[in-house]
Asks: 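After the structure tokens below, expect a handful of questions from me.
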Protein chains: 2
Amino acid sequence: MNTKQQIIIAAEQTFDRHGFTASGMDRLTDAANVSSRTLYKHLGNKNKLMAAALKQRRERFFLALDVESVDALFARLADWSEAEDMRGCLFLRALGDTGAAVEEVKAEVAVYRQQLRHLVANLVVKETSSEDATDAVLVIFEGAVSAASYCGIAAIQSARASAAVLLKHLP
Amino acid sequence: MNTKQQIIIAAEQTFDRHGFTASGMDRLTDAANVSSRTLYKHLGNKNKLMAAALKQRRERFFLALDVESVDALFARLADWSEAEDMRGCLFLRALGDTGAAVEEVKAEVAVYRQQLRHLVANLVVKETSSEDATDAVLVIFEGAVSAASYCGIAAIQSARASAAVLLKHLP
DNA sequence: GCAGTGGTAAAACGTTCGTTGTACAATTGC
DNA sequence: GCAATTGTACAACGAACGTTTTACCACTGC
């Protein structure tokens with residue numbers, strides 16, 4: 001079994017559930033079921049672990065969102081929300097939690113945002129032959145992620161319908 | 001001068017900028033320009049200070065968003081984003097930062113979300129004679145707040161236009 | 001058989017955390 | 001003039017933090 005991966009997966013969940021700064025190394029080692037010595041051997045320090053957890057989330061997230069249309073994007077997001085608790089964008093939260101003071105975290109957040117924009121832009125171009133609606137769909141996507149944390153899956157279904165309307169009727 | 005208010009206002013900014021758990025009492029007393037003894041006399045403890053800062057943010061936010069139409073709502077949000085740095089919803093972040101383990105924070109977040117929903121629902125009813133589009137507008141609002149943290153005011157302008165289209169063309 | 005690898009447990013490092021105690025200064029109302 | 005109020009500075013508390021050290025165990029391949 002891959003110990004490093006096991007640590008990172010546990011950390012992704014722990015940071016999401018309990019916060020980045022508020023999650024001490026004790027809680028992280030307990031969640032991963034490894035000694036602190038092993039964790040430090042594999043990850044170096046807490047900042048690098050945060051970055052690794054974010055990278056893991058990003059890869060898992062975009063794997064789940066590997067789709068061919070905007071509608072499918074929101075359908076997959078709905079699937080995600082049924083499998084995982086929604087607590088708002090983990091990357092936005094990581095930045096706020098750490099006060100944007102951790103370089104490793106800032107870098108990972110930047111990569112995520114760039115990747116999300118590219119994904120949305122590509123889908124929008126495919127359907128409208130223009131990038132113009134990218135921001136609009138991006139806003140709805142971010143809104144769905146945020147609102148799902150207290151409106152549940154209804155927020156995502158609403159977002160899905162809204163996106164369809166927008167792609168038809170936006171200038 | 002009202003010392004308590006001065007402490008709370010400084011705390012609102014400090015928590016927003018540096019995170020809730022990551023902001024120590026030293027930083028909070030420094031920002032408020034008071035001694036730690038004074039802060040504790042007025043606020044009791046850190047959890048209560050967090051709640052007070054969130055209440056302050058809520059009141060300030062809804063005062064800025066005291067409008068008569070959905071379009072004006074987004075216009076005011078754009079004004080807000082030009083006066084303040086956007087780092088995503090402070091309430092969502094407070095919940096994630098503390099791992100939803102602080103009752104005082106959970107309560108304030110619940111009040112905020114309820115008030116936001118009521119505001120949006122009232123505006124939507126006024127314009128469409130139905131509450132049906134509430135979730136859709138709520139999603140766009142949340143998305144504007146989140147996306148503005150890295151897309152700037154363009155996200156809010158895009159959200160404003162999207163909301164107008166939706167109110168016209170949603171079933 | 002033995003070096004190498006990859007893990008454990010437990011204690012300790014110095015620092016920072018949230019919070020309180022003590023002692024003192026400035027302003028105010030009667 | 002004096003008591004009350006409201007603030008300060010500063011040191012201390014025990015606990016928790018991130019990190020490292022020390023010593024030890026189990027498995028692997030040659």
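All chains are named by letter (A, B, ...) in the order of the sequence lines, taking the proteins before the strands, and each is independently numbered beginning at 1.
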Asks: Would you tabulate the pairs of protein nitrogen or oxygen atoms and nucleotide nitrogen or oxygen atoms of nucleotides 12-14 of chain C closer than 3.5 angstrom?
Replies:
none

Asks: Does CD belonging to A:Glu84 count more than 12 external heavy atoms closer than 6.0 Å?
Replies: yes
Asks: Looking at every non-hydrogen atom in both residues, tell me the closest pair between B:Val139 and A:Ala155 and how far apart they are.
Replies: CG2-O, 3.6 Å
Asks: Identify the two heavy atoms, one from A:Arg113 and one from A:Leu92, that lie closest to each other, and give their separation to 0.1 Å.
Replies: NH2-CA, 4.1 Å
Asks: Rounding to a whole Å, what distance do you find between A:Leu43:CG and D:dG18:C1'?
Replies: 14 Å
Asks: Looking at A:Glu142, A:Gln114, A:Arg117, which one forms a side-chain hydrogen bond (donor to acceptor under 3.5 Å, both in side chains) with B:Tyr150?
Replies: A:Glu142
Asks: Could you check which residues of residues 21-42 of chain A get a heavy atom under 4.0 Å from DNA chain D? Sort them by number, please.
Replies: A:Ser23, A:Gly24, A:Met25, A:Ser36, A:Arg37, A:Tyr40
Asks: For A:Ala100 versus A:Lys106, what's the shortest heavy-atom pair and its separation?
Replies: O-CD, 3.3 Å
Asks: In this structure, how many angstroms lie between the P atom of C:dT15 and the CG atom of A:Asn45, rounded?
Replies: 18 Å
Asks: Between atom NZ in B:Lys46 and atom P in C:dC17, what is the gap in whole Å?
Replies: 9 Å
Asks: Examine distances only and state if a side-chain atom of A:Lys48 and a backbone atom of A:Tyr40 form a donor-acceptor pair shorter than 3.5 Å.
Replies: no
Asks: Picking from A:Phe62, A:Phe61, A:Phe141, what satisfies ring pair (Phe, Tyr, Trp, His ring centres under 6.0 Å) with A:Trp80?
Replies: A:Phe61
Asks: Does a side-chain N-to-carboxylate-O contact under 4.0 Å join A:Arg57 and A:Glu108?
Replies: no
Asks: In whole Å, what is the span from the CG atom of A:Asn2 to the P atom of C:dG6?
Replies: 11 Å
Asks: Salt bridge check, B:Asp66 against B:Arg76: does any charged N sit closer than 4.0 Å to a carboxylate O?
Replies: no
Asks: Quick one: B:Asn47 CG to C:dT19 C1', roughly how many Å, whole number?
Replies: 12 Å
Asks: Starting at CD1 of A:Ile7 and ending at C1' of C:dT8, how long is that distance when rounded to a whole Å?
Replies: 13 Å
Asks: Answer yes or no: is there an ion pair linking B:Asp97 with A:Arg93, defined by an N-O contact shorter than 4.0 Å?
Replies: no
Asks: Can you give me the bend angle of the helix from C:dG14-D:dC17 to C:dC30-D:dG1? Use the axis through the first five pairs and the one through the last five, nearest 10 degrees.
Replies: 20°
Asks: Ignoring hydrogens and angles, state whether a donor on the side chain of A:Ser23 or A:Thr14 is under 3.5 Å from an acceptor on the partner side chain.
Replies: no
